[in-house]
Number of protein chains: 2
Amino acid sequence: MEADTPRVEEYLESIYKLQQDQYPVSTSRLAEHLKLSAPSVSEMVKKLANRGLLSHTEKGVCLTEEGKSIAKKVIRRHRLSERLLTDVLGYRWDEVHDEACRLEHAISSEMEERISESLGNPRTCPHGHPIPDKDGVLVKENVKSLSELKASDRGIIVSVFEEDPRMLKYMASLGLIPDVCVRVEEVAPFGGPMIVCVSGSRYALGREVASRIKVK
Amino acid sequence: MEADTPRVEEYLESIYKLQQDQYPVSTSRLAEHLKLSAPSVSEMVKKLANRGLLSHTEKGVCLTEEGKSIAKKVIRRHRLSERLLTDVLGYRWDEVHDEACRLEHAISSEMEERISESLGNPRTCPHGHPIPDKDGVLVKENVKSLSELKASDRGIIVSVFEEDPRMLKYMASLGLIPDVCVRVEEVAPFGGPMIVCVSGSRYALGREVASRIKVK
DNA sequence: CTTCCATATTAGGTACACCTAACTCTAGGT
DNA sequence: ACCTAGAGTTAGGTGTACCTAATATGGAAG
Ligand SMILES: [Mn+2]
Ligand SMILES: [Mn+2]
Ligand SMILES: [Mn+2]
Ligand SMILES: [Mn+2]
């Protein structure tokens with residue numbers, strides 16, 4: 001059951017993430033996300049289908065139970081690695097992604113458990129995403145985008161769908177991090193910016209940025 | 001200067017270790033150490049020579065300055081990983097080798113420095129081997145094998161040249177770990193066992209085991 | 001109904017890192 | 001002097017994971 005290559009893990013992880021908003025995942029979106037050519041992905045998808053890790057129909061690819069379970073294991077390792085980097089080694093949240101993307105393929109089940117225990121079984125990564133437990137159970141919180149809120153609505157930031165370090169740095173500089181309360185002051189029409197209030201300060205946020213911040 | 005594959009790193013690391021006791025390293029010993037066929041090693045050695053990482057003469061291979069410097073970087077990452085595993089995650093010294101052998105290829109210079117700092121810049125790995133500093137400076141302590149001691153000689157264990165988990169477990173069970181003082185009670189002739197005294201107990205040690213324990 | 005575009009695949013090729021089988025070469029033993 | 005063991009290389013081949021160029025294919029727009 002084990003013994004997959006880093007690349008196989010990378011594909012499964014990407015598919016799992018992409019199928020959150022596009023159910024059967026198209027190979028072109030997958031290629032784009034993995035930064036690979038369409039034929040490379042096409043070929044690899046065929047191999048993964050042969051190994052029983054996904055099914056491939058005209059609509060796109062869907063992970064099998066086995067594929068999903070490996071994907072969640074990789075995501076668990078990624079997020080636990082991120083926590084180790086921030087909580088133990090003092091990384092900032094904008095520095096952890098690439099490092100964790102390599103570590104996730106190098107750590108064993110044993111190490112995965114040890115990290116989790118040492119950190120007191122954290123429930124989320126530094127960006128607020130839930131860490132699947134060791135049996136692959138992933139609690140999905142009911143969240144919406146900050147961009148969906150109306151003037152005078154409030155929300156508590158749960159997570160941030162963003163990996164770009166510059167964007168993460170920017171968000172952190174405004175205090176837009178998990179567990180912080182945000183109040184919407186004003187929403188400009190025609191997809192314009194939102195004025196939000198965070199820990200006493202007011203900022204104008206682009207809709208694109210706001211859509212990546214999930215609140216409850 | 002960076003951007004080597006895990007395999008290249010593995011070769012350089014092995015060559016560096018082997019050239020401690022056999023100066024120009026023969027490709028056959030290298031193949032044996034890496035558990036690869038002789039032709040595979042022969043081929044790879046040619047590539048590494050082309051990249052300027054080693055020179056290849058009739059006597060064997062010798063690392064160039066660049067090859068040595070990469071090798072020491074990998075060894076530094078390996079030993080720092082081992083320390084992270086034991087000191088932060090609670091691994092025993094017999095559990096760390098394989099894990100560290102994967103981690104050493106996944107961690108960045110940044111992470112390397114952060115681990116070192118977080119642990120207070122440790123000077124040795126859990127087995128007592130020195131950790132090269134970030135500029136590749138490696139302090140070599142003047143040690144000899146426990147097996148070279150005569151009856152009534154004493155020594156303090158510096159390091160243990162052993163990776164096999166069962167052997168390491170055995171040594172730890174007798175208290176044969178770095179910084180411990182050992183006294184030789186008796187040396188049986190014809191390469192027979194040595195009777196040693198460690199923290200109040202006496203044990204009979206095979207010569208093979210004793211030769212792997214370095215003392216000062 | 002045709003044209004065109006996005007999506008996907010096929011065809012053919014590369015780099016990397018491994019393998020076995022077969023060959024060469026050299027130093028020692030008899 | 002001759003034979004042989006060990007060390008090393010050459011030759012030929014495999015699997016993985018990527019690439020570009022060319023080729024289908026299924027709608028939307030004209
Ligand atoms: Mn990854
Ligand atoms: Mn994260
Ligand atoms: Mn390694
Ligand atoms: Mn060690």
Side-chain angles (χ1 to χ4, degrees), chain A residues 1-15 18-19 21-63 67 70-71 74 98 101-102 104-106, chain B residues 1-15 18-19 21-63 67 70-71 74 98 101-102 104-106:
Chain A
M1 296 292 117
E2 216 77 17
D4 280 301
T5 68
R7 299 312 297 162
V8 168
E9 292 184 346
E10 214 65 74
Y11 275 81
L12 297 177
E13 191 185 8
S14 284
I15 295 165
L18 289 174
Q19 73 181 13
D21 36 56
Q22 181 197 41
Y23 179 53
V25 178
S26 70
T27 61
S28 53
R29 291 224 47 196
L30 184 53
E32 183 192 22
H33 191 257
L34 289 166
K35 290 172 183 150
L36 295 174
S37 71
S40 300
V41 172
S42 204
E43 197 183 19
M44 184 60 131
V45 156
K46 217 180 295 171
K47 285 181 199 160
L48 297 179
N50 278 358
R51 289 195 210 176
L53 301 175
L54 52 79
S55 61
H56 189 196
T57 66
E58 317 79 57
K59 305 255 178 174
V61 303
C62 308
L63 294 179
I70 295 173
V74 178
D98 292 359
C101 186
R102 271 174 285 114
E104 69 194 1
H105 313 293
Chain B
M1 296 292 117
E2 216 79 18
D4 281 300
T5 67
R7 297 313 296 164
V8 169
E9 294 184 344
E10 214 65 74
Y11 275 80
L12 297 177
E13 191 186 7
S14 285
I15 295 166
L18 289 175
Q19 74 181 14
D21 37 57
Q22 181 196 40
Y23 180 52
V25 178
S26 70
T27 61
S28 53
R29 290 223 48 196
L30 184 53
E32 182 192 23
H33 191 256
L34 289 165
K35 289 173 184 149
L36 294 174
S37 72
S40 300
V41 172
S42 205
E43 197 183 19
M44 184 60 130
V45 156
K46 217 179 294 172
K47 285 182 199 161
L48 297 179
N50 279 356
R51 289 195 210 177
L53 301 175
L54 52 80
S55 62
H56 189 194
T57 67
E58 317 79 56
K59 305 255 178 176
V61 303
C62 308
L63 294 178
I70 295 173
V74 178
D98 292 359
C101 186
R102 272 173 284 112
E104 69 195 2
H105 314 292

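The chains referred to below are lettered A, B, ... by the order of the sequence lines, with proteins before strands, and numbering in each begins at 1. Everything quoted here is computed from the prediction, not taken from an experiment.
- Residue K35(B) has no polar side-chain atom (N or O) positioned under 4.0 Å from OP1 or OP2 of dC18(C).
- If you measure from atom CG of D4(B) to atom C1' of dA17(C), you get 14 Å, rounded to the nearest angstrom.
- Computed from coordinates, the L36(B) CG to dC19(C) P distance equals 5 Å when rounded to whole Å.
- For S14(A) (side chain) and E10(A) (main-chain N/O), a donor-acceptor pair under 3.5 Å exists by modelled atom type.
- Among the nucleotides dG8(D), dA17(D), dC18(D), the one closest to the side chain of S28(B) is dG8(D).
- H33(B) places none of its side-chain heavy atoms less than 4.5 Å from the side chain of V41(B).
- Annotation for L63(A) and Q19(A): closest pair N-OE1, 3.8 Å, computed over non-hydrogen atoms.
- Between the C1' atom of dC18(D) and the CD atom of E43(A) lies a distance of 8 Å, rounded to the nearest Å.
- For Y11(A), a side-chain nitrogen or oxygen approaches OP1 or OP2 of dC18(D) to under 4.0 Å.
- As a whole-Å value, the separation of K47(B) NZ from dT10(D) P is 14 Å.
- Counting to the nearest Å, the P atom of dA27(C) and the NZ atom of K59(B) are 10 Å from each other.
- Looking at R102(A) and H105(B), their side chains never come closer than 4.5 Å, going by heavy atoms from C-beta outward.
- Applying the 4.0 Å criterion to OP1 and OP2 of dT16(D), one finds that T5(A) has every side-chain N and O outside that range.
- Among the nucleotides dC19(D), dA17(C), dA17(D), the one closest to any side-chain atom of R7(A) is dA17(D).
- Between L54(A) and C62(A) there is no side-chain heavy-atom pair separated by less than 4.5 Å.
- Closest to the S37(A) side chain, of the nucleotides dC19(D), dA17(D), dC19(C), is dC19(D).
- Remark: C1' of dT16(D) and CE of M44(A) are 8 Å apart, rounded to the nearest angstrom.
- At whole-Å resolution of the value, CD in E58(B) and C1' in dT9(D) are 14 Å apart.
- Of the candidates dA17(C), dT10(C), dA11(D), dA11(D) carries the atom nearest the P39(B) side chain, counting heavy atoms from C-beta on.
- Residue S42(B) places at least one side-chain N or O closer than 4.0 Å to OP1 or OP2 of dT9(D).
- Of the candidate nucleotides dA17(C), dT9(D), dC18(D), dT9(D) has the atom nearest to the side chain of H56(B).
- Here dC18(C) is the nucleotide among dC18(D), dC18(C), dT9(D) with the atom lying nearest to any side-chain atom of S40(B).
- Checking dT9(C), dC18(D), dA17(C) against the side-chain heavy atoms of A38(A) singles out dT9(C) as nearest.
- Atom CD in E9(A) sits about 15 Å away from atom P in dT16(D), given to the nearest Å.
- Which of dT20(C), dA17(C), dT10(C) sits closest to the side chain of R51(B) comes down to dA17(C).
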